Amino acid sequence: MFDIRRKIAGILCDVVDLSVDDIYSMLEVPPDPKMGDLALPCFKLSKILKKSPVIIASELVEKTPKSEYFEKMQAVSGYLNIFLNRKFFIREVLNEVLDRKELYGSSDIGKGKNIVIDYSAPNIAKPFHIGHLRSTVIGNSLYKIFEFMGYNCIGVNHLGDWGTQFGKLIVAYKKWGDRETVEKEKISELMRLYVKFHEEAEKDPSLEDEARAWFTKMEKGDNEALELWRWFRELSLAEFSKVYDMLGVTFDSFAGESFYEDKMQAVIKDLESKGLLEESQGAMIVNLEKYDMPPCLILKKDGSTLYATRDITAAIYRKNTYNFDKCIYVTASAQCLHFKQWFKVTGLMGYEWAKDLVHVPFGLVSIEGEKLATRKGNVVLLEDLLNKAVSKTLEIMEEKNPDLPDKERIAKEVGIGAVVFNDLSNNRIKDISFSWSEALNFDGETGPYVQYTHARTCSVLHKACCEIIGSFDESLISNDDEYQLVKTLSLFPEKVKLAMEEYEPSIISRYLIDLAQDFNRFYHNQSILVDDKSLRNARLALVQAVKYTLSAGLKLIGLSAPERV
RNA sequence: GUGCCUGUAGCUCAGCUGGAUAGAGCAACGGACUUCUAAUCCGUAGGCCUGGGGUUCGAAUCCCUACAGGCACGCCA
């Protein structure tokens with residue numbers, strides 16, 4: 001990978017006698033392009049070299065040997081400002097992008113390593129709403145990013161498909177439900193039954209006992225109970241699949257909570273034999289006082305397991321099955337303590353790979369400031385949201401581009417893209433207040449804006465049609481709009497790497513906005529399809545490079561890159 | 001009460017491994033479509049970076065503290 005910063009650092013480090021890495025990390029981008037492309041603040045050097053920053057900067061200007069990498073250097077009040085050799089830089093960057101095409105920015109650093117990513121994990125028999133969207137799209141994007149970096153990813157949907165809630169559901173179904181309605185209304189009917197159960201149980205607490213009894217039957221393998229459970233599960237999964245299809249999200253495994261039912265006893269024994277379990281108020285816990293954490297609950301006083309038990313079991317299973325390099329959990333930040341606790345327990349059990357367990361938390365979603373509450377009905381169903389986004393897109397398309405073929409498909413890609421992008425465009429740790437008007441806004445910093453920009457690049461390239469770009473004369477790419485665009489293009493590989501290291505898809509979304517803005521400015525100010533053949537060719541090369549990068553970036557955050565919109 | 005997270009333009013947010021005058025988008029206002037898709041572009045306006053201390057040549061960024069909001073803190077996940 002071509003990295004101009006490293007090259008410059010390589011030249012400078014000889015002059016000031018520091019390591020390349022030191023200089024590399026000190027180099028920064030000046031706030032204004034007029035001040036150059038890179039800058040070295042000399043204030044820190046001043047301590048080492050015992051000279052004033054101003055003098056160091058001007059000495060650097062004098063002593064640094066000429067090179068093809070940069071055109072000139074200037075000393076400005078303690079900063080060494082570096083102006084790159086534009087021609088050289090443009091050639092290197094564009095050739096790399098055009099050579100690697102949509103693989104520009106990818107890498108093989110993950111070659112031969114497995115990454116397990118646990119995301120989405122909705123609860124069976126509950127509607128899939130916008131609260132589930134975050135885990136799903138963040139996990140999906142991380143999957144794509146790690147894959148792009150050469151890792152082999154295993155996407156796991158750890159379904160909430162086991163627990164006493166199924167006992168409740170069975171009771172409610174048998175008392176107030178019927179097969180036809182459930183077949184017809186699916187999850188919404190299951191939800192209705194579930195809510196009804198809670199209403200009735202307030203009046204008649206014995207229902208709770210009944211529910212527990214049914215769950216016990218499930219655990220003991222009772223046929224009727226398991227058949228109902230299986231039915232609810234299949235029904236829910238079919239509904240979820242619709243949403244996953246719309247989002248373009250896939251999984252390699254659907255091993256959920258039920259999958260680990262028969263595997264937890266061994267883990268409990270393991271914990272016991274390692275002397276980690278102790279009794280407290282009738283329950284079995286792992287004491288974590290030494291680590292300044294509340295205890296981790298392993299067994300309830302009735303002997304049944306808890307989610308920490310299941311998570312530890314699942315982690316061990318995944319290590320044995322996938323031999324992961326990292327196992328990543330994408331869940332709400334409310335679960336931070338829980339993950340800290342059982343990660344610690346896993347470490348105490350002697351599993352050195354406990355350090356490879358990573359919790360990737362994200363902020364809470366509320367609806368226009370109001371808390372999400374499934375039972376109170378304050379939810380926005382994801383399917384509704386996506387459908388609304390698609391139909392709004394279709395409306396816009398009817399107005400702007402009515403002759404476009406395959407409108408339906410593209411409207412889906414753009415509408416859903418808008419929703420996904422919206423969710424991925426800010427820092428994942430921040431709480432989100434869902435707003436209809438924002439989720440359905442297609443102007444400015446949005447998914448459709450990036451997709452539109454991509455379509456623009458395609459459109460120009462299409463119009464230029466049979467021309468083969470082949471070689472181009474980089475010296476013709478000379479104005480500031482073009483140069484800025486190339487600079488932004490050059491940043492893509494490091495942004496992808498950063499997004500991976502920080503488990504932060506928004507780094508890519510933000511980058512795409514920047515790239516699209518730079519392109520649109522260029523597009524607006526410069527004609528691409530000019531008569532001058534070689535100028536035209538050079539600009540087309542630039543457009544081609546932008547197209548590859550936008551397309552690759554969009555895919556990394558789970559959006560498609562339609563050629564026309 | 002204790003711990004974790006967040007606080008930047010009217011709104012939504014970048015910037016947070018310290019660096020030059022704090023940036024976008026939305027909303028508002030004013031411009032640019034006979035010309036490669038105006039889902040675009042350009043301009044105007046909008047800021048005690050929550051308050052207070054400290055560290056530093058330099059702080060939105062690091063440390064302490066106060067305040068505000070959110071979340072978590074044993075038998076749900």
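A note on names: the letters A, B, ... follow the listed sequences, proteins ahead of strands, and every chain is numbered from 1. Keep in mind that what you see is a predicted model, and the values were worked out from it rather than measured.
When distances are taken from the side chain of A:Gln281 to each of B:C73, B:C71, B:C75, the shortest belongs to B:C75. When distances run from any side-chain atom of A:Asp32 to the nucleotides B:U21, B:C36, B:C75, the shortest one goes to B:U21. Side-chain atoms of A:His524 lie closest to B:U40 of the nucleotides B:A39, B:U37, B:U40. Residue A:Leu364 places its side chain closer to B:C71 than to any other of B:C71, B:A20, B:C57. Distances from the side chain of A:Lys300 to the nucleotides B:C36, B:C75, B:A39 place B:C75 closest. Checking B:C75, B:A38, B:C41 against the side-chain heavy atoms of A:Arg521 singles out B:C41 as nearest. The A:Glu257 side chain lies nearest to B:A77 when the options are B:G74, B:A77, B:U37.
Where A:Pro30 and A:Asn525 meet RNA chain B, the nucleotide closest to each residue was compared, and A:Pro30 sits on the side nearer the 5' end. If you find the closest nucleotide of RNA chain B to A:Pro295 and to A:Gln335, the one lying nearer the 5' end belongs to A:Pro295.
One interatomic measurement links the two molecules: CZ of A:Phe442 to C1' of B:G25, which rounds to 16 Å at whole-angstrom precision.
Among the heavy atoms of the strands lying under 4.0 Å from A:Pro448 is at least one base atom, whether or not backbone atoms are also near. Backbone-only engagement by A:Gln517 is indicated by non-hydrogen atom pairs under 4.0 Å involving sugar-phosphate atoms exclusively. Residue A:Glu395 is classed as having no contact, given no heavy-atom separation below 4.0 Å to the nucleic acid. Nucleic acid contact class of A:Lys392 (heavy atoms, under 4.0 Å, all strands): none. In this structure, A:Ala39 reaches the bases: a heavy-atom distance under 4.0 Å links it to at least one base atom across the strands shown. Heavy atoms of A:Ser280 sit under 4.0 angstrom from at least one base atom. Within the nucleic acid shown, A:Leu337 comes within 4.0 Å of sugar-phosphate atoms alone, with no base atom in reach, counting heavy atoms only. Contact annotation for A:Asp161: no contact, since no heavy-atom pair falls under 4.0 Å across all strands. Heavy atoms of A:Ala283 sit under 4.0 angstrom from at least one base atom. Residue-level contact check: A:Lys44 touches the bases, meaning some heavy atom is under 4.0 Å from a base atom. Base engagement by A:Val414 is indicated by at least one non-hydrogen atom pair under 4.0 Å involving a base atom. Among the protein residues, A:Met397 comes within range of the nucleic acid bases, having at least one heavy atom under 4.0 Å from a base atom. Within the nucleic acid shown, A:Ile513 has no heavy atom closer than 4.0 Å to any nucleic acid atom.
The residues A:Lys44 and A:Asp22 are annotated as not salt-bridged, no charged nitrogen and carboxylate oxygen being separated by less than 4.0 angstrom.
Note: A:Tyr329 and A:Phe343 have tilted aromatic rings, judged against thresholds of 30 and 60 degrees for the angle between ring planes. The aromatic rings of A:Phe434 and A:Trp436 lie perpendicular to each other, with more than 60° between the two planes, well past the 30° mark. Ring geometry for A:His132 versus A:His129: interplanar angle of 30 to 60°, hence tilted.
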Could you check A:Ser258 against A:Asp161 for side-chain hydrogen bond (donor to acceptor under 3.5 Å, both in side chains), going step by step and ending with a plain yes or no?
-> CA-CA 6 Å; A:Ser258 64; A:Asp161 62 358; 2.8 Å; yes
Check the pair A:Asp406 / A:Arg564 against salt bridge (Lys or Arg N to Asp or Glu O under 4.0 Å), numbers first and verdict last.
-> CA-CA 10 Å; A:Asp406 218 359; A:Arg564 304 177 69 187; over 6 Å; no
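The line from OH of A:Tyr503 to CD1 of A:Ile117 is 9.5 Å long, rounded to the nearest 0.5 Å.
In terms of phosphate contacts, A:Tyr449 brings no side-chain nitrogen or oxygen within less than 4.0 Å of OP1 or OP2 of B:A38. Contact between the side-chain N/O atoms of A:Ser333 and the OP1/OP2 oxygens of B:C5 is not found at any separation under 4.0 Å. At B:A39, none of the side-chain N or O atoms of A:Arg456 fall inside 4.0 Å of OP1 or OP2 (strictly under the cut-off).
Taking atom C1' in both B:C11 and B:C64, one finds a spacing of 32 Å when rounded to whole Å. Going from the C1' atom of B:A59 to that of B:U8 covers 14 Å, rounded to whole Å. Atom P of B:C4 sits at a distance of 43 Å from the matching atom of B:C41, rounded to the whole Å. Distance check on atom C1': B:A72 versus B:C29 gives 46 Å, rounded to whole Å. One C1' atom belongs to B:U50, the other to B:U40, and the distance between them is 37 Å to the nearest Å. The gap from the C1' atom of B:C33 to that of B:C49 amounts to 39 Å, rounded to the nearest Å. Taking atom C1' in both B:A77 and B:A38, one finds a spacing of 49 Å when rounded to whole Å. Separation of the P atoms belonging to B:G15 and B:G70 is 24 Å when rounded to the nearest angstrom.
Inter-residue side-chain proximity for A:Leu529 and A:Leu540 is flagged as met; some heavy-atom pair is nearer than 4.5 Å.
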Report all interatomic pairs (protein N or O, nucleotide N or O of nucleotides 12-15 of chain B) with separations under 3.5 Å.
residue	atom	partner	partner atom	Å
B:U12	O2'	A:Glu438	OE1	3.3
B:C13	O2'	A:Arg510	NH2	2.7
B:A14	OP1	A:Asn427	N	2.9
B:A14	OP1	A:Asn427	ND2	3.1
B:A14	OP2	A:Lys430	NZ	2.6
B:G15	OP2	A:Asn427	ND2	3.3

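Between the side chain of A:Asn81 and the base of B:A20, at least one donor-acceptor pair of N or O atoms lies under 3.5 Å.
Donor-acceptor pairing under 3.5 Å is lacking for the side chains of A:Asn426 and A:Ser506. Side-chain contact check for A:Asp311 and A:Thr313: no donor-acceptor pair (N or O, by modelled atom type) lies under 3.5 Å. A donor-acceptor contact under 3.5 angstrom links the side chains of A:Thr136 and A:Ser120, judged on distance only. For the residue pair A:Tyr523/A:Asp481, the side-chain donor-acceptor check at 3.5 Å is not satisfied.
The six-membered or imidazole ring of A:Tyr511 lies near that of A:Phe492, with a centre-to-centre distance under 6.0 Å.
Under the Watson-Crick or G-U wobble criterion, with both distances below 3.5 Å, B:G23 is paired with B:C13. Base-pair partner of B:C62: B:G54 (Watson-Crick or G-U wobble, both distances under 3.5 Å).
Shown for residues 305-312 of chain A: residues whose heavy atoms fall under 4.0 angstrom of RNA chain B, namely A:Leu306, A:Tyr307, A:Arg310.
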